[in-house]
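Below is one structure, written out as structure tokens; the observations come after it.
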Amino acid sequence: MNRAFNRKKDKSWMHTPEALAKHYIGYNAKFLGNTEVDQPKGTEVVKDAVRKLKFQRHIKKSEGQKTPKVELQISIYGVKILDPKTKDVQYNCQLHRISFCADDKTDKRIFTFICKDSESNKHLCYVFDSEKCAEEITLTIGQAFDLAYKKFLESGGKDVETRKQIGTLQKRIQELETENSDLKTQLQDLEEQLNISPVPPAVCIKQGGSLSMKPQSTDVFDMVPFSAVTPLVPIPASNGTPPPPPTTSPPDMRKDLFGAEPFDPFTCGSADFPPDIQSQLDEMQEGFTMGLTLEGTVFSLDPLGSRC
């Protein structure tokens, strides 16, 4: 049984589209674990992974360790692997990262899929022991992939280029905001340097047998020339109390030099796109283009094929 998954060919799926789009299909299984593989597809690739994990599980079982039970939640948003009691998510495999699914056609228990890890970008093979529903789970993942791909084309695929351009504009805006912040810092440094510049030294002038101090630089009216950058000295109040603090509020660092809020196109619309949306869209497009292959094969090829 070798059924290559083809998006262009209509298939008789097991569930309604609403069940996978608005809710999820849940299954209980035993989780043998995951292991790194070299290729994203291939029957022999998953066979080797199943043998390896079965052997590891056989060793742990001989040591008294039970195979952990998990709950699978399959929807158009991915395949979640949860703890059945606490509902804690152990793994969240997005559908566009899943490239290969296979089930055991001999006893309907063992099934596996290959998923690309989001952090390490390594291909990991996940292996499960289900209760005689391996083929059903494999087909459910295939149906979810099909619906997710159609949803991507409807909502994301048509305006991929537009969103890429928005991502580029956002990156440029961040660069300009950084330059703006650097200019603010330079401007503040210049203002501080001008504010702490030394006062011109005074000279002693003898008048009528007494010495008086006069500024060295004055105009014809013996007044200090006005300087726009000279700091204003607060004048004490008549009753000797200190003057009230200035009412001018400190500048808002979130605003630009003109007092305007920085423009962010991603806060103007209803959608909130991450900064790396271009790479994410490229990855999704690549994953869906690669497609998902569904196969039925024989995994029980060794004495370790007993129940886990």
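Not measured: the values here are computed from a predicted model.
- Pairing each heavy atom of Leu95 with each of Ala148, the nearest pair is CD1-CB, 3.7 Å.
- Counting only heavy atoms from C-beta outward, the side chains of Tyr24 and Leu20 never approach each other to under 4.5 Å.
- By the rule that hydrophobic residues join a cluster once side-chain heavy atoms approach within less than 4.5 Å of another member, Ile137 and Met14 end up as members of one cluster.
- Scanning both residues, Ser130 and Lys108, for their nearest heavy atoms gives OG-O, 3.8 Å.
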Sequence neighbours excluded and cut-off under 3.5 Å, please list the side-chain donor-acceptor pairs for residues 74-82, or say none.
| from | atom 1 | to | atom 2 | distance (Å) |
| --- | --- | --- | --- | --- |
| Ser75 | OG | Tyr77 | N | 3.2 |

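- With contacts defined as side-chain heavy-atom distances shorter than 4.5 Å, the pair Lys116/Leu124 does not qualify.
- For Pro17 against Leu147, the heavy-atom pair with the smallest separation is CA-CD1, 3.8 Å.
- Using the six-membered ring where Trp is involved, Tyr126 and Tyr91 have ring planes that are perpendicular, over 60° apart on the 30 and 60° scheme.
- Leu32 has its side chain within reach of Asp129: a pair of non-hydrogen atoms, C-beta onward, lies under 4.5 Å apart.
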task: Run the numbers on Asn121 and Arg97 for side chain to side chain contact (heavy atoms under 4.5 Å, CB included), then give the verdict.
output: CA-CA 10 Å; Asn121 285 329; Arg97 293 178 173 270; 4.2 Å; yes

- request: Begin from the C-alpha positions of Gln39 and Ile114 and carry the test side chain to side chain contact (heavy atoms under 4.5 Å, CB included) through to its verdict.
  value: CA-CA 9 Å; Gln39 301 295 328; Ile114 298 177; over 6 Å; no

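- Under the side chain to side chain donor-acceptor pair (under 3.5 Å) test applied with Arg172, the options Gln174, Gln170, Glu175 reduce to a single match, Glu175.
- Of all the heavy atoms in His15 and Thr140, the pair that sits closest is NE2-OG1, 3.0 Å.
- At a threshold of 4.5 Å between non-hydrogen side-chain atoms, the residues Leu72 and Phe128 count as touching.
- For Gln186, the side chain to side chain contact (heavy atoms under 4.5 Å, CB included) test picks out Leu183, with sequence neighbours left out.
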message: Between Glu71 and Lys87, is the salt bridge (charged side-chain N to carboxylate O under 4.0 Å, His left out) condition met? List the steps.
response: CA-CA 8 Å; Glu71 177 184 349; Lys87 301 300 180 182; 2.5 Å; yes

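- With contacts defined as side-chain heavy-atom distances shorter than 4.5 Å, the pair Phe111/Asp104 does not qualify.
- The minimum heavy-atom distance linking Lys69 with Pro84 is given by the pair O-CD, 3.2 Å.
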message: If you apply the rule salt bridge (charged side-chain N to carboxylate O under 4.0 Å, His left out), what do you find for Lys150 with Asp146, and how did you get there?
response: CA-CA 6 Å; Lys150 292 178 180 178; Asp146 180 58; 3.5 Å; yes

message: Test side chain to side chain contact (heavy atoms under 4.5 Å, CB included) on Phe113 and Ile141; report intermediate values, then the result.
response: CA-CA 9 Å; Phe113 63 81; Ile141 294 176; 4.1 Å; yes

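- Considering all non-hydrogen atoms of both residues, Val70 and Phe31 come closest at CG1-CB, 3.7 Å.
- In this structure, Leu153 is a member of the same hydrophobic cluster as Leu292, with clusters built from ILVMFWY side-chain heavy atoms closer than 4.5 Å.
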